[in-house]
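Whatever order the structure lists ligands and atoms in, that order sets their numbers, starting from 1.
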Amino acid sequence: KPSASVFATHALRVDSPQRTMSDQAFVTLATNDSYAKGAMVLGQSLRNHHTTRKLVVLIGPHVAEPCREVLRSVFDEVCVVDLMDSGDAAHLALMKRPDLGVTFTKLHCWTLTQYSKCVFMDADTMVLSNVDELFEKEELSAAPDPGWPDCFNSGVFVFRPSNETHEKLVAFCGENGSFDGGDQGVLNSYFNTWATADISKHLPFIYNLSSIAIYSYLPAFKQYGHSAKVVHFLGKVKPWNYSYDAERGEVRGHSLSPDEGHLHSDYLLMWWQLYAKSVVPLLQKAYGDTPFN
Ligand code: UDP
Ligand code: MN
């Protein structure tokens with residue numbers, strides 16, 4: 001009869017890779033039903049590429065119940081984060097800078113201390129392949145911003161949940177605000193050695209390829225674009241602002257800006273194909289006879 005210690009060693013060996021996976025998560029954020037659609041597509045894209053990590057979505061109190069239902073079926077965890085309840089420091093700072101509401105909500109990802117390491121991804125991103133290797137990176141790893149490459153883009157970043165870091169970030173936010181009014185400004189000011197300290201924290205651009213970069217440096221896109229792993233629909237017009245002709249398989253422009261035709265990229269089509277195939281059926285089920293758009 002084998003001794004108990006043999007079992008223990010065996011159990012540990014079998015157990016530990018599993019544990020590594022379940023204490024790591026991809027995290028996104030949706031404060032409203034529009035961004036929730038983005039989160040659904042992102043979550044579904046991560047599932048389609050067989051991530052072994054948990055999927056977490058932070059939602060605002062205004063996300064409708066049918067949307068929550070869909071999010072619950074795609075994500076392992078749906079956490080409702082209430083802006084005004086997110087602590088005294090946050091509350092006070094919010095009074096001064098109500099425009100930073102969304103910023104505070106994103107910073108809330110640091111409170112997910114049931115996980116040892118996470119990768120945050122904006123709800124307007126989508127993965128094109130498995131990106132689990134991102135968990136080999138340390139806090140704070142991110143890709144350069146296409147507009148100012150000495151800043152990182154906060155649409156995709158690796159972080160370690162910690163209540164201490166969360167408190168420091170919120171305090172920092174209250175004292176200094178954000179130079180761009182959003183989370184990216186705060187995070188770049190707080191993690192201000194990113195540009196120079198450690199090149200291993202610079203994620204390759206293929207982990208956060210924004211559509212803007214495609215047009216600002218087309219030859220580079222032609223050379224390297226095929227290895228893109230994450231696309232980011234950065235900017236004012238999001239994929240869900242367009243409409244999709246499912247029969248013809250075409251994305252149609254939206255009424256707000258008719259000259260944004262150049263944004264009709266293949267990635268936009270891929271977003272809509274995934275949305276139509278995997279998300280719309282879930283939304284139809286959740287909404288029943290009530291129309292949604
Ligand atoms: N976000 C949200 N609700 C909002 C605005 C932003 O939930 O009203 C979240 C969402 O995850 C989004 C992220 O914050 O992807 C950053 O905002 P956005 O992607 O619009 O900024 P951009 O990448 O265009 O600079
Ligand atoms: Mn974004």
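- Residues Asn188 and Trp148 are not in side-chain contact: their nearest non-hydrogen atoms beyond the backbone lie 4.5 Å or more apart.
- Listed by chain and residue number, the protein N/O/S atoms under 2.8 Å of the Mn ion (ligand 2) are Asp122 OD2, Asp124 OD1, Asp124 OD2, His232 NE2, with waters left out.
- Atom CZ in Phe233 sits 5.5 Å away from atom CG in Leu268 (nearest 0.5 Å).
- Here CG of Asp132 is found 9.0 Å from CD of Gln24. Values are rounded to the nearest 0.5 Å.
- Residues Glu139 and Lys117 are not paired through a salt bridge, judged by the lack of any N-O separation under 4.0 Å between the basic side chain and the carboxylate.
- Put simply, the side chain of Asn208 never gets that close to the backbone of Ala143: no donor and acceptor are under 3.5 Å apart.
- Between Glu175 and Lys168, none of the side-chain N atoms (NZ, or NE/NH1/NH2) sits under 4.0 Å from a carboxylate O, so this pair counts as no salt bridge.
- Side chains of Met121 and Val27 form no contact here, defined as non-hydrogen atoms less than 4.5 Å apart.
- Under 4.0 Å from any atom of ligand 1, one finds heavy atoms of residues Leu29, Ala30, Thr31, Asn32, Tyr35, Val102, Asp122, Ala123, Asp124, His232, Leu234, Gly235, Lys238.
- Tested against Phe26, the residues Phe157, Tyr115, Phe135 include a single ring-ring contact (aromatic ring centres under 6.0 Å, His included) partner, Phe135.
- The distance from the CE atom of Met40 to the SG atom of Cys67 is 4.0 Å, given to the nearest 0.5 Å.
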